[in-house]
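Report on the following structure.
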Amino acid sequence: MKIAVLPGDGIGTEIVAEAIKVLNTLDLKFEMETALVGGAAYEAYGHPLPEATLKLAKEADAVLFGAVGDWKFDQLDRHLRPEQAILGLRKNLGLFANFRPAICYPQLVGASSLKPELIAGLDILIIRELTGDIYFGQPRGRRVASDGNFPGTEEAFDTMRYAHPEIERIAHVAFQAARKRAKRVTSVDKANVLETSQFWRDIVIEVSQQYTDVTLDHMYVDNAAMQLVRAPKKFDVVVTGNLFGDILSDEASMLTGSIGMLPSASLNATNQGLYEPSHGSAPDIAGKGIANPLATILSAAMMLRFSLKQEVAAERIEVAVKTVLTQGYRTADIFSEGTHQVGTVAMGDAVVAVLKAQS
Ligand code: IPM
Ligand code: MG
């Protein structure tokens, strides 16, 4: 079980260290190798995704990823920005299927900005297509002479595009995931306006014929954004394109009260995967030892389940995380009156202690 460890920037190093501590508590043998990525790699090697880092990731069974980005890199050319590292990894490893669960832990219902009755028991799975759409569309251009509404001025453009097989394979992923859950898929698009979306919808319908046990409905993205805060529990699996999925998954994560709790997995066709928390590098709190490591620890559990086929170990970690919440441990982002506030390392220690007690 070869794991490429890419902590990245900001709080990335702090939270990944806790996940590794947890993994090392299990009675399993891992081969782990760490490399720089993102802004840290840019500063050391002049590129956010150096060849050696990419090679390490490609040769591993799984990548455990922290987070990338910092305001200090905002002025760099786009291809040198830290974010390009994660996009490059997704593209180069073919990680087209992004799983972003939004689960509301009963211990944390009070942490959401929505009323408890709206989110108690919430369990949504957003499946975001990750290697197509406007993120990777060509042509793309900037500051070209406008031939649109303002001739003689400049304009910039990105192109939204999807190929038939790209939509087909993500639709299969969504239907198969729904089969293991409540058997409902909501496909989100903007088919009332965009050709790409009508194409998406047609293909999802076509694929759905192979999954007659799963209920499919369609929603325009603006309505989906609204329904997510109006009645989020109506959703089971949401499948959508790269851009809409980026936006809706952030929205869904906040329903649960804390983005600091949510893991994610990005898989390719052979179940090689990249696992990262749903949150970013949080440069504002980096180095303070207060970041919540649970999303990364839960990402390590997803890694055990999907890429390393260690279901029992994955469940052990998930149970341990629930147990520390029940015990009252909270990092600052999920703290409420009457609970016990701890820092990053102490939260990792608490999970380790539960795991040791389990065995
Ligand atoms: C995410 C992030 C990335 C994305 C950025 C960092 C490129 O927002 O993983 O959701 O837009 O996909
Ligand atoms: Mg995002």
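As the structure lists them, so they are numbered: ligands from 1, and atoms in each ligand from 1. We count residues from 1, following the sequence as given.
Considering backbone and side-chain N/O atoms, E276 never comes within less than 3.5 Å of an N/O atom of ligand 1. Checked against a 3.5 angstrom limit, the closest N/O atoms of E83 and ligand 1 fall outside it.
Screening residues 254-277 for salt bridge (Lys or Arg N to Asp or Glu O under 4.0 Å) gives R90-E276 as the qualifying pairs, with residues at least two apart or on separate chains.
Here is the list of ligand 1 atoms found below 4.0 Å of a heavy atom in R128: 1 (C), 4 (C), 9 (O), 10 (O), 11 (O), 12 (O). With ligand atoms numbered from 1 in the order given, ligand 1 contributes 1 (C), 9 (O), 10 (O) to contacts under 4.0 Å with heavy atoms of R100.
The backbone N or O of K322 lies less than 3.5 Å from a partner atom in the side chain of T326, making a donor-acceptor pair.
Using a 4.0 Å cut-off between heavy atoms, H279 makes no contact with ligand 1 at all. By the criterion of a heavy-atom distance under 4.0 Å, the side chain of R90, and not its backbone, is placed next to ligand 1.
For a distance threshold of 2.8 Å, the protein N, O or S atoms nearer than that to the Mg ion (ligand 2), listed by chain and number, are D246 OD1.
Residue K2 holds its NZ atom at 13.0 Å from CG of L308, rounded to the nearest 0.5 Å.
Remark: of the listed residues V68, T53, L6, L6 is the sole one forming a side-chain contact (heavy atoms from CB on, under 4.5 Å) with L89.
Using cut-offs of 30° and 60° for the angle between ring planes, the F306 and F99 rings count as tilted.
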Quiz item: Which is it for Y211 and H172 under the ring-ring contact (aromatic ring centres under 6.0 Å, His included) test, yes or no, and what are the steps along the way?
Solution: CA-CA 9 Å; Y211 300 89; H172 280 291; 5.6 Å; yes

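Regarding atom 4 (C) of ligand 1, its nearest protein heavy-atom neighbour is Y135 OH, 3.4 Å. Summary of contacts: the protein heavy atom closest to atom 8 (O) of ligand 1 is D246 OD1, 3.3 Å.
Cation-pi geometry between R169 and F96 is met: under 6.0 angstrom from the ring centre, within 45 degrees of the axis.
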